[in-house]
Trainee: 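My questions all concern the structure below.
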Amino acid sequence: VWDAATGAERFSRGLDAPAFTAATTPDGRHVAVEQSDLGRGTNNKVLFLEAITGAPAFELPTRRRQVTALAFTPDGCTLAAGFNGAVQLW
């Protein structure tokens, strides 16, 4: 993850599964990263990382197919995950 203002790298982190989409909370405190189990799809999740350090904060499980889009509402209270025709809200 890079700092948009300076271009400096904030952190680099290996993940347990492929990640295809990410979103930043409006307050800039967390980065939500989708991780998909491309085999069975039973371990799909959205992983929240601390934006400064990359440390894991928490995760949200999803039993749907691979997440293809993530977006936060402007107030940061709701995360939407898109699944090619379906949306899951937290």
Side-chain angles (χ1 to χ4, degrees):
V1 171
W2 294 270
D3 185 305
T6 66
E9 184 178 295
R10 280 195 178 181
F11 66 86
S12 178
R13 177 175 182 77
L15 299 172
D16 297 335
F20 298 98
T21 188
T24 304
T25 55
D27 64 8
R29 293 179 54 210
H30 293 99
V31 178
V33 180
E34 163 274 337
Q35 288 197 276
S36 292
D37 174 3
L38 298 178
R40 294 182 217 147
T42 57
N43 295 317
N44 295 346
K45 62 186 172 184
V46 177
L47 175 64
F48 279 71
L49 304 173
E50 299 288 338
I52 300 294
T53 65
F58 60 95
E59 60 186 54
L60 299 170
T62 177
R63 293 191 179 121
R64 298 197 180 261
R65 298 177 300 262
Q66 175 186 343
V67 175
T68 56
L70 289 171
F72 285 94
T73 55
D75 64 4
C77 291
T78 303
L79 172 66
F83 301 90
N84 289 330
V87 176
Q88 183 172 348
L89 303 174
W90 288 276

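Start at 1 with the first residue, then count along the sequence.
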Trainee: To the nearest 0.5 Å, tell me how far D75 CG sits from D27 CG.
Mentor: 10.5 Å
Trainee: Do L70 and L60 share a hydrophobic cluster (ILVMFWY, side-chain heavy atoms under 4.5 Å, transitive)?
Mentor: yes
Trainee: Mind telling me whether F58 and F48 have parallel, tilted or perpendicular rings, with 30° and 60° as the class edges?
Mentor: parallel
Trainee: Which atoms form the tightest heavy-atom contact between Q88 and F83, and what is the distance?
Mentor: CB-CE1, 3.5 Å
Trainee: Could you grab the distance from atom OG1 of T62 to atom NZ of K45, nearest 0.5 Å is fine?
Mentor: 12.5 Å
Trainee: Rounded to the nearest 0.5 Å, what's the gap from NE2 on H30 to CG on L47? Could you check?
Mentor: 10.5 Å
Trainee: A side-chain contact here means heavy atoms from C-beta on lying under 4.5 Å apart; do T68 and T21 qualify?
Mentor: no
Trainee: Do you know the tightest heavy-atom contact between V46 and A32?
Mentor: CG1-CB, 3.9 Å
Trainee: Would W90 and V67 show up in the same hydrophobic cluster when neighbours are defined by side-chain heavy atoms closer than 4.5 Å?
Mentor: yes
Trainee: Closer than 3.5 angstrom, by distance alone: can the side chain of T73 be matched with the main-chain N or O of T78 as a donor-acceptor pair?
Mentor: yes
Trainee: What closest approach, in Å, do T25 and F72 show between heavy atoms, and which atom pair accounts for it?
Mentor: CG2-CZ, 3.5 Å
